[in-house]
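Notes follow once the structure below has been shown.
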Amino acid sequence: MDYINELNEGQRNAVLYCDGPSLVIAGAGSGKTRVLTYKIAYLLEEKGYDPWNILALTFTNKAANEMKERIAKQVGPKRAQYLWMGTFHSIFLRILHYEHEHIGFNANFTVYDASDSKSLIKTIIKEMGLDEKVYKPNMVEERISNAKNRLVTPQQYLSNNDLLESDRDAKIPATGDIYLRYWNRCKQANAMDFDDLLFYTYILFQEHPDILVKYQQQFKYILVDEYQDTNYAQHRIVLQLAAQHQMVCVVGDDAQSIYSFRGAEIGNILNFTKAFQGAKLFKLEQNYRSTQTIVKAANSLISKNQWQIQKKVFSEKETGERLHVTEAYSDVEEGDIVANTIVKLHNRESVPYNEMAILYRTNAQSRIFEEVMRKKGIPYRIFGGLSFYQRKEIKDVIAYFRLVVNPNDEEAFKRIINYPTRGIGDTTVGKIIAAASRNNVSLWEVISQPQIYELDVNKGTLSKLNGFHSIINGFIQHVSDTDAYELGTAIIKASGIMNELMQDRTPENMSRQENIEELVNGLQDFTQSHREEDNERIYLSDYLSEVSLLTDQDTDQSKDDSKVTIMTIHSAKGLEFGTVFVVGLEENLFPNPMCCNTVQGLEEERRLFYVALTRAEEHCYLSYAKSRFRYGKMEFSSPSRFINDIDKQFVDKGQTGPEFGKPIQRKPSPFVRPQPTYTPPRTLKRVSSTLVSPSTGKSIPEVAVGQHIQHERFGIGEVINVEGTGENAKATIRFQHAGEKQLLLRFAKFKVID
């Protein structure tokens, strides 16, 4: 038990209490993962629990794997291997595979991803003769998902007047009928979507009390990470499993609840002690990540929220510098200021690029920063870009795998029936779908016995369908006797996808080939590593169960050694960086105007800003622009109200000079090209214009070398050269942050100051 001595008092108390339900409120950077890890080790080593009696639920595979590795070091890999530890979806998928008969599925059911679900909904909308411009698949899918996360069946949906009225108000009254058809089609295709993994688990336990009792008796202790991110369905399942023994410990931070748009309900953590009477509350309040100033600034911000569990987060690290707030003339200048600061920190203070991050509220804001980073030669990465398993060529291969494992998978069937092209067009596919719907069978059944189901196609088309059927059916025979790697590589070869990609050597096709080759590498690694661990043959169905649960957050998101990270604040949760830039702090941007209509919405936006601040370890820069292009026109903005929510003693305001913060004393690197010196203006005085442009009808300012201008986008600059006259007049301006630019004066939007 030496590891217990590594814990501070709050952490130790949370770990040692195992006599009933407990809620651990873990402030930012307070070591919650350590508490969860050591608590599980303590349950195994000191409290006599067997590993298979412990259920630990997380939100990412990465978090589960990290915890399992730490526990393995403490209690040994053999014991750790038998823990039921993973994401909600992976654990419930495992249970549903065991109990599939009780909910009317067979063992090899498919898990649909978002694009599969959308495609099926789109098909149903078309079959019902509805207007896709009105019944937008994304919107319908969101409504169905929300219903499932609230544990509302199609039948309940169709009898709920509030839901039906909401659909009528949105002019999509047939949504309930689409939901019912979607539910039945998934069942018919032996498929579930991600929401179903939760919903069917709840239904399983609700309708089969004996099954629930079995798992209640197995899971004698339940632990849940990031409880503030749970939705209604997840919370209800935890209540089901813990109802008998009440041995449940949840960990989270209400101040970091930022996912209501995904269905997360902050009430689950705020009301936990009501749901579990007698639950003991523990607070982890020491922040090990950030300086005292950053922690105090974040505390002063979040104190403005009404709905929270009070805590006093503190840091024993150095005091640290104050937060720097900078006003930019425009979003373009804001990008230049941030990029210049990154260059200076990297070159003059040797701050690694990977220790710096730019955080913004919306994805659309990345464009400015991507452009300026490229322009200045700063390496960067967009965190949360298109994941490996979402690329087209990978989804095509996976669809072949899925159809072989589960030939009733409608979405996989439609995706590959004519890819690579084999002369089976949309008309034929439409006939197959119609026959399947008419006979209440899967698409695969129709092409397996086309005569019985009266498939109306000519002999040539029938021959092509038989050829496709023969390829897939040949592999179906080996699903249970050939390992994943061997069968998978054979399918890839027989599919013809690689042959098609090799028809030309364009960079795009070469990249796609490399992606498929990497998929094969991953398939081999999966098969080999699992075989070494389990000493059993690993089948393609096992591989599909794993990859179906992968998300952007679960791919390798370790910091790149040579790149600045650019991402949304939502994506930054759980990460930390030495230096953080929080940009675009303007009203109608952050807070997002759509969230300002309710107290709850505004408080979540404030929590989002709290998350941004607490990602920083040492330096935190805040910036806003007085103007930016939105909807194709220039809009002027004011600073975000959140800046004023931070206690003024923790903030440096008005830093608009080239340094953007603390002056750097070290000598510049000899490898850095020196920047031209900018001379600030002596006084500010408007100079009148004397010329009018015939082509634009606008006055042309007269400028002279040595004068200063204020440009709408680039900010303050000094005129260093003027050439041409009248409409051809050009001026070279050296801007504070944007560098040198040559402006054609008749089009330039600026005013002269002196």
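Only heavy atoms go into these numbers, but all of them, side chains included; no hydrogens, no water, no symmetry mates.
- Here Arg12 does not pair with Glu9 in a salt bridge; the nearest charged N to carboxylate O distance is not below 4.0 Å.
- Residue His570 is tested with Phe383, Phe261, Phe609, Tyr360 for a ring-ring contact (aromatic ring centres under 6.0 Å, His included); the sole match is Phe261.
- Of the N and O atoms on the side chains of Asn287 and Ser30, not one donor lies less than 3.5 Å from an acceptor on the other residue.
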task: Begin from the C-alpha positions of Glu604 and Ser260 and carry the test side-chain hydrogen bond (donor to acceptor under 3.5 Å, both in side chains) through to its verdict.
output: CA-CA 8 Å; Glu604 179 159 327; Ser260 65; 2.9 Å; yes
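- Around atom NZ of Lys187, more than 12 heavy atoms belonging to other residues, nucleotides or ligands sit under 6.0 Å away.
- Counting only heavy atoms from C-beta outward, the side chains of Thr565 and Phe577 approach each other to under 4.5 Å.
- Between Lys148 and Leu198, the closest side-chain pair of non-hydrogen atoms is not below 4.5 Å.
- Both tests pass for Arg150 against the ring of Tyr232: distance under 6.0 Å to the centre and angle within 45° of the axis.
- For the pair Lys296 and Phe650, the cation does not sit on the ring face, since its NZ or CZ is not both under 6.0 Å from the ring centre and inside 45° of the axis.
- A donor atom on one side chain and an acceptor atom on the other are found under 3.5 Å apart for Thr87 and Ser90.
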- request: Give the C-alpha distance, both sets of side-chain angles, the deciding distance and a yes or no for ring-ring contact (aromatic ring centres under 6.0 Å, His included) between Tyr200 and Phe105.
  value: CA-CA 11 Å; Tyr200 275 112; Phe105 286 81; 5.1 Å; yes
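- Every residue two or more places apart in sequence or in another chain that forms a side chain to side chain contact (heavy atoms under 4.5 Å, CB included) with Ala264 is listed here: Tyr259.
- The closest side-chain heavy-atom distance from Thr153 to Phe199 is below 4.5 Å.
- Residues Lys62 and Asn65 are not in side-chain contact: their nearest non-hydrogen atoms beyond the backbone lie 4.5 Å or more apart.
- Nearest approach of Ala298 to Thr614, heavy atoms of both residues: CB-CG2, 3.7 Å.
- Checking Gln240 against Gln206 by side-chain atom types alone, a donor-acceptor pair falls below 3.5 Å.
- Applying ring-ring contact (aromatic ring centres under 6.0 Å, His included) to Trp84 and the options Tyr49, Phe219, Tyr221, Phe92 leaves one that passes, Phe219.
- Between Thr175 and Ile172, the closest heavy-atom pair is OG1-O, 2.8 Å.
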message: One pair to check against side-chain contact (heavy atoms from CB on, under 4.5 Å): Glu66 and Thr33. What are the steps and the verdict?
response: CA-CA 9 Å; Glu66 286 179 355; Thr33 303; 5.5 Å; no
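- The pair Lys311-Glu285 does not meet the salt-bridge criterion, since no charged nitrogen lies less than 4.0 angstrom from a carboxylate oxygen.
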Criterion ring-ring contact (aromatic ring centres under 6.0 Å, His included) on Tyr215 and Trp52, from CA distance to verdict: CA-CA 11 Å; Tyr215 285 99; Trp52 48 86; over 10 Å; no
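- In Asn161, the CG atom is not crowded: 12 or fewer heavy atoms of neighbouring residues, nucleotides or ligands sit closer than 6.0 Å.
- Aromatic ring pairs are classed by plane angle as parallel below 30°, tilted from 30° to 60° and perpendicular above 60°; the pair His235 and Tyr227 is perpendicular.
- Taking both residues in full, the closest heavy atoms of Asn149 and Arg262 are given as ND2-O, 4.4 Å, listed atom of the first, atom of the second, then distance.
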- request: Might you work through the side-chain hydrogen bond (donor to acceptor under 3.5 Å, both in side chains) test for Asp225 and Thr58, ending with a clear yes or no?
  value: CA-CA 5 Å; Asp225 190 16; Thr58 67; over 6 Å; no
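- The ring of Phe109 has its center no closer than 6.0 angstrom to the ring center of His100.
- Every pair passing salt bridge (charged side-chain N to carboxylate O under 4.0 Å, His left out) that includes a residue from residues 156-168 is listed here, sequence neighbours excluded: Arg143-Asp167.
- Lys317 NZ: more than 12 foreign heavy atoms inside a 6.0 Å radius.
- In this structure the side chain of Ser117 reaches within 4.5 angstrom of the side chain of Glu141, judged on heavy atoms.
- When each of His208, Lys214, Arg94 is tested with Glu99 by the rule side-chain hydrogen bond (donor to acceptor under 3.5 Å, both in side chains), just one qualifies, namely Lys214.
- The CG atom of Leu55 sits 8.0 Å away from the CG atom of Leu223 when rounded to the nearest 0.5 Å.
- Taking the side chain as every heavy atom from C-beta outward, Val583 and Leu359 never approach each other to under 4.5 Å.
- Between Ala233 and Asn231, the closest heavy-atom pair is N-OD1, 3.1 Å.
- Across all non-hydrogen atoms, the minimal contact from Arg615 to Ala28 is NH2-CB, 4.2 Å.
- The shortest distance between side-chain heavy atoms of Asn271 and Lys274 falls below 4.5 Å.
- For the atom pair CD (Gln256) and CG (Asp229), the distance works out to 9.0 Å, reported to the nearest 0.5 Å.
- Closest approach of Leu43 to Ile54, counting heavy atoms only: CB-CD1, 3.9 Å.
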Derivation of the side-chain hydrogen bond (donor to acceptor under 3.5 Å, both in side chains) call for Tyr288 and Ser315: CA-CA 6 Å; Tyr288 291 92; Ser315 171; over 6 Å; no
field: Step-by-step side-chain contact (heavy atoms from CB on, under 4.5 Å) determination, Ser545 to His97
entry: CA-CA 10 Å; Ser545 289; His97 271 309; 3.5 Å; yes
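- Put simply, the side chain of Val325 does not reach to within 4.5 Å of the side chain of Ser623, judged on heavy atoms.
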task: Using the side-chain contact (heavy atoms from CB on, under 4.5 Å) rule, take Ile125 and Val140 through it: C-alpha gap first, then chi angles, then the decisive distance, then the call.
output: CA-CA 10 Å; Ile125 290 170; Val140 174; 4.3 Å; yes
query: Checking side-chain hydrogen bond (donor to acceptor under 3.5 Å, both in side chains) for the pair Glu411/Ser119: CA distance, chi angles, key distance, verdict?
result: CA-CA 7 Å; Glu411 294 309 305; Ser119 175; 2.6 Å; yes
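- Salt-bridge annotation for Lys220 and Asp50: absent, with no side-chain N of the basic residue lying under 4.0 Å from a carboxylate O of the acidic one.
- For the residue pair Tyr112/Asp196, the side-chain donor-acceptor check at 3.5 Å is not satisfied.
- Note: Ser145 OG to Asp195 CG = 3.5 Å, rounded to the nearest 0.5 Å.
- Residues Lys573 and Glu226 are paired through a salt bridge, judged by an N-O separation under 4.0 Å between the basic side chain and the carboxylate.
- Asn138 and Lys118 form a side-chain donor-acceptor contact under 3.5 Å, judged by distance and modelled atom types alone.
- Salt-bridge check for Arg361 with Glu605: passed, with a basic side-chain N closer than 4.0 Å to an acidic carboxylate O.
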task: Show your reasoning for whether side-chain contact (heavy atoms from CB on, under 4.5 Å) applies to Lys283 and Leu281.
output: CA-CA 7 Å; Lys283 298 180 182 179; Leu281 175 64; 3.9 Å; yes
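- Here Asp647 contributes atom CG and Leu323 contributes atom CG; the two are 11.5 Å apart, rounded to the nearest 0.5 Å.
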